[in-house]
There are 2 protein chains.
Amino acid sequence: MADLRRKTGPSRPLGELTEALRRGERRVTGPRLAILQVLREHRRPLSNKEVLALLPQGYCDLATVYRSMHLLRRLGLVQRFDVGDGVARHELRDAGHDGHHHHLVCRRCAQVVAIDCCLLEEVERELSRHSGYQALQHRLEFTGICPDCQQR
Amino acid sequence: MADLRRKTGPSRPLGELTEALRRGERRVTGPRLAILQVLREHRRPLSNKEVLALLPQGYCDLATVYRSMHLLRRLGLVQRFDVGDGVARHELRDAGHDGHHHHLVCRRCAQVVAIDCCLLEEVERELSRHSGYQALQHRLEFTGICPDCQQR
DNA sequence: TCGGGAGTTGCAAACGATTGGCAGTAGAAT
DNA sequence: ATTCTACTGCCAATCGTTTGCAACTCCCGA
Ligand SMILES: [Mn+2]
Ligand SMILES: [Mn+2]
Ligand SMILES: [Zn+2]
Ligand SMILES: [Zn+2]
């Protein structure tokens, strides 16, 4: 089995991201640029509130973060994650391949381990053949107790 | 690869379920029995509202459904699913093994295909070794376009 | 069979995340 | 600079879920 741990590479350049906006007939605004910067600098699933908090003081409204995140997702720039606590989180996608990936989250302290490789392509093909469903996608998240939290 | 489709067996008997309640120092009440009946008769992920609607008219309160579902989950009798639409769903666990399973849901009509086997035990072992995390669990759901919806 | 007490329930208010309306603001093309 | 719209801030509205509390009921022991 391949190494499951993820070696996070550098984020794709900001210019490439704004280019995606223009291609989508969307405007490159202050709030959107700032949100992209935050996502580029913090490469882990962030809630919209967290994104807002990481923005310059009072820089934009929470509703704008929500709307921007919807847009970025429609454009395929971010991936959405649901841990099951009723709060959506987003993370910038890597360049190249479709960039989707998965996580291992500690159930006590929420520490996150990123998982680089996805082992479900073959499963998806088989599942598609059996079920007749097409254009399969999946969401997969692991939880566990991290080494630190085990010592208590 | 094993057959991914799930052959749903009969539900575990009601007596076995109420026994679990008693073992957990909990009382076997009218609402809890009725909710268990609904879960036994509809073996697919149900939202709390759906469960309430399937109950005899005005039988119990939505808050009671929520509280009961929490309890059933703590006792390990039901499994919770999050499709990503902000609504939690629950399904009765099978007897025997830990009973967890996964689904393939159509993104257009929400038709559900149950997936019997879980192929992630080996992955979890490997992931635990690499990361040091313990007591791993996972949530995995597939989506796609079902055969019916493809013809449009 | 008959209390009594802890566990449960119904009802409504509270909550937190997310969305929608709307009038004013600001990209960007001309 | 002008103009056309997309976009934003502000705030109310939604929606799923949780919680406080008084009334009720399951269950055990007398
Ligand atoms: Mn990640
Ligand atoms: Mn199922
Ligand atoms: Zn994957
Ligand atoms: Zn599994």
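In what follows, chains are A, B, ... by sequence order, proteins preceding strands, each numbered from 1.
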Within-4.5 Å side-chain heavy-atom neighbours: B:Phe142 and A:Leu127: yes
Distance-only donor-acceptor check, side chains B:Ser47 and B:Arg89, under 3.5 Å: no
For atom CG of B:Leu55 and atom P of C:dT9, their distance in whole Å: 12 Å
Distance, rounded to the nearest Å, where B:Leu52 contributes CG and C:dC11 contributes C1': 14 Å
Lys/Arg-Asp/Glu bridge criterion (N-O < 4.0 Å) met for A:Arg67, A:Asp61: no
Nearest-Å distance for atom pair CZ/C1', residues B:Arg74 and C:dT8: 13 Å
Any donor-acceptor N/O pair, A:Asp82 side chain to A:Gly84 backbone, under 3.5 Å: no
Path from A:Val51 to A:Leu21 over hydrophobic side-chain contacts below 4.5 Å: yes
Heavy-atom side-chain contact between B:Leu71 and B:Arg32 under 4.5 Å: yes
Nucleotide-resolved protein contact map, nucleotides 17-30 of chain C, B/S/- at heavy-atom distance under 4.0 Å: SBBBB-----BS--
Backbone N/O of B:His101 and side chain of B:Gln79: donor-acceptor pair under 3.5 Å: yes
Distance-only polar pair, side chains of A:His138 and A:Glu124, donor-acceptor under 3.5 Å: yes
First and last nucleotide of DNA chain D, 5' to 3', lying under 4.0 Å from heavy atoms of chain B: D:dG16 to D:dC27
